[in-house]
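Each remark here refers to the structure printed beneath this line.
Worth knowing before you read on, the calculation uses all heavy atoms, side chains too, and leaves out hydrogens, waters and symmetry mates. Since the model is a prediction, treat every value here as computed from it, not as a measurement. Atoms within a ligand are numbered from 1 in the order they appear, just like the ligands themselves.
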Amino acid sequence: MIELKNIDVTFQNGSHEFKAVDNVSLKINKGEIFGIVGPSGAGKSTLVRVINLLQRPTNGEVIIEGSDITKFNRKQLRKTRLNIGMIFQHFNLISGSTIAENVAFSLYANNYPKDKIKDRVKELLEIVHLPEKADAYPANLSGGQKQRVAIARALANNPDILLCDEATSALDIENTEEIVELLREINEKTHITIVFITHEMDVAKKLFDRIAFMEDGKLKEVTDIYSAFANPKSDIAKSLVQRVLNVEVPEGLKAKTNEEILRLSYTGDDSYDPVISVASKNYDITMDIINGKVDYIRNKPFGMLIVILRGEDAERKKALEYISKNVYKLERLGGR
Ligand SMILES: Nc1ncnc2c1ncn2[C@@H]1O[C@H](COP(=O)(O)OP(=O)(O)OP(=O)(O)O)[C@@H](O)[C@H]1O
C-alpha cells in the first residue's frame, strides 16, 4: 500500500512561495489502478513524483509498504525506487539504441545478471506484445509502440508499483486504447499497483478502479470510478464528468421555458427500466425527452435523460415522488 500523509510541496518563485501540493493525504491500495485527474496546474505531476521522491515533499510522509521513505538513506531509497517503475508522456527512449537495448538499459543499470539479460528483454517485449521490434529503433515505431517499450523498460526490475505521468496524452485515440488495454492486462496478470495521472476523463472511465480529483494543489474528492461518473460530489468532479457525458439542457431552452426540466440518472440494470412510460401511464402528466445518453463505465451501464415534465401541480408532485424512488438521481435543472 502507498500512503501519503499531509503532503505539502512548496516552490520558491523568487520571493514568492507557491504551494503546488497542499496538505494531501491519500491511501492507494495494493493492486489497484488509481487515477488522479484535474485541470492543468492542479499539482498532479508534482504529487505523483512525490511517490518515488523525484520530488521531495516540503512536509508530510510517504509511506510505502509500511515505511516512511522520506526518512530513508540513499541506499534504502535506491532499493525502494527499483520497486517503482515510471512512464512519461514523451516516452523518454534513447533514439540511438534499439528497442531491445532501450529495455536492457534498466537491467544493466541495476546489475541484473548479465547472462540473463537477453532472455529477460525477450520476456518483457512479449509482455508488451512487441517481440518483433527488438532490433528496430524508436524512430520507426508508432507513439503507442514507443509507450509499450517504455512500459517494458519500467517493468524490467519487476516493480510492485507503476507510476504513469500523462502516459497517453501524446497519443491518438487508437494508441490510447491500446495502452489502456495493455495496462489493464498487466494489472490483472501481475496485480501491480498503477498510479496514473491524466486530464483525459475518457481514459479515466476505461482504466481506473478509483479516482482522485485535484484542483489548486488540493484533493477535492476520492471515490470509485463508477460513483465519480454517476454521482460526482465536488464542483471539479461535476465539471470534468459533465464535460464527458455532455447531457445538458440544449442551449437557449432554459431561457425560453419556465416548464419543469429534470435530469434523471440511471445506474446498472435500472438503465433499462421504463420509469418514464410507467410515470406517464399512471399519472396525468407528460414527459418529453429532450436529451439523453447511455454510457458504460467499466462495462456497467449508466444513463442520463433530460426531460420536460408537464401537468397539474398535484399530478406532477405524485409523478416526481414515483420517479425519484425509481431512478438513481433526480435533479431539477430549471423551470418552476
Ligand atoms: N520546479 C518547479 N518550480 C516552480 N513551480 C513549479 C515547479 N514544478 C511545478 N511547478 C508549478 O506547480 C504547479 C503544479 O504543477 P504540476 O505540473 O504538478 O501540475 P499538473 O496538474 O500536473 O499540470 P499539467 O496537467 O499541466 O501537467 C504549476 O503551477 C507549476 O507551474
Item to check | Under-4.0 Å salt bridge between Glu61 and Lys71 | outcome: no
Checklist entry - Counting heavy atoms only, which of Gln89, Gln12, Lys44 comes nearest to atom 25 (O) of ligand 1? => result Lys44
Item to check | Residue pair Asp8, Thr10: steps toward the side chain to side chain donor-acceptor pair (under 3.5 Å) verdict | outcome: CA-CA 6 Å; Asp8 287 335; Thr10 305; 5.7 Å; no
Next on the checklist: Using a 4.0 Å cutoff against the non-hydrogen atoms of Ala42, which atoms of ligand 1 qualify?
Outcome noted: 19 (O), 20 (P), 21 (O)
Checklist outcome for this item: Taking only non-hydrogen atoms of Pro39 and a 4.0 Å limit, the atoms of ligand 1 in range are 21 (O)
Item to check | Carboxylate-amine/guanidinium proximity below 4.0 Å for Arg316 and Glu312 | outcome: no
Checklist entry - Are Arg310 and Glu260 within salt-bridge range, i.e. N to O under 4.0 Å? => result no
Checklist entry - Is the closest heavy atom of Gly217 to ligand 1 under 4.0 Å? => result no
Checklist entry - Nearest to atom 23 (O) of ligand 1, what protein heavy atom do you find, and at what distance? => result Gly41 N, 2.8 Å
Next on the checklist: Heavy-atom pairs closer than 4.0 Å: do any link ligand 1 to the side chain of Glu166, the backbone, both, or neither?
Outcome noted: side chain
Checklist entry - Should you measure from each heavy atom of Ala20, which atoms of ligand 1 turn up under 4.0 Å away? => result 12 (O), 13 (C)
Item to check | Hphob cluster co-occupancy, Phe91 + Phe88, side-chain heavy atoms under 4.5 angstrom | outcome: no
Next on the checklist: Which residue and atom name correspond to the protein heavy atom nearest atom 19 (O) of ligand 1, and how close is it?
Outcome noted: Gly43 N, 3.2 Å
Checklist entry - If you measure from the Lys or Arg side-chain nitrogens to the Asp or Glu carboxylate oxygens, is any gap between Asp295 and Lys205 under 4.0 Å? => result yes
Checklist entry - Does a donor on one side chain and an acceptor on the other come within less than 3.5 Å for Gln145 and His129? => result no
Checklist entry - Which is it for Val21 and ligand 1 at heavy atoms under 4.0 Å: side chain, backbone, both or neither? => result neither
Next on the checklist: Strictly less than 4.0 Å: does any protein heavy-atom distance to atom 30 (C) of ligand 1 fall in that range?
Outcome noted: no
Next on the checklist: Just verifying a value: how many Å separate Lys30 NZ and Ile192 CD1, rounded to the nearest 0.5 Å?
Outcome noted: 10.5 Å
Item to check | NZ/NE/NH1/NH2 to OD/OE distance under 4.0 Å, Lys318 and Glu321 | outcome: no
Checklist entry - At what distance is the nearest protein heavy atom to atom 27 (O) of ligand 1, and which residue and atom is it? => result Ser45 OG, 3.9 Å
Next on the checklist: Counting non-hydrogen protein atoms only, what is the nearest one to atom 9 (C) of ligand 1? Give residue, atom name and distance.
Outcome noted: Phe11 CE1, 3.5 Å
Checklist entry - Within 45° of the axis and under 6.0 Å from the centre of the six-membered ring of Tyr226, does NZ or CZ of Lys300 qualify? => result yes
Item to check | Residue Asn13 vicinity, atoms of ligand 1 by number, heavy atom under 4.0 Å | outcome: 4 (C)
Item to check | Gly38 to ligand 1, any heavy atom closer than 4.0 Å | outcome: no
Next on the checklist: Can you report which non-hydrogen protein atom sits closest to atom 26 (O) of ligand 1, along with the distance?
Outcome noted: Ser40 OG, 2.6 Å
Checklist entry - What is the closest protein heavy atom to atom 11 (C) of ligand 1, and at what distance does it sit? => result Phe18 CE2, 3.8 Å
Item to check | Nearest neighbour in protein (non-hydrogen) for atom 16 (P) of ligand 1 | outcome: Thr46 OG1, 3.6 Å
Item to check | Distance-only polar pair, side chains of Glu166 and Ser45, donor-acceptor under 3.5 Å | outcome: no
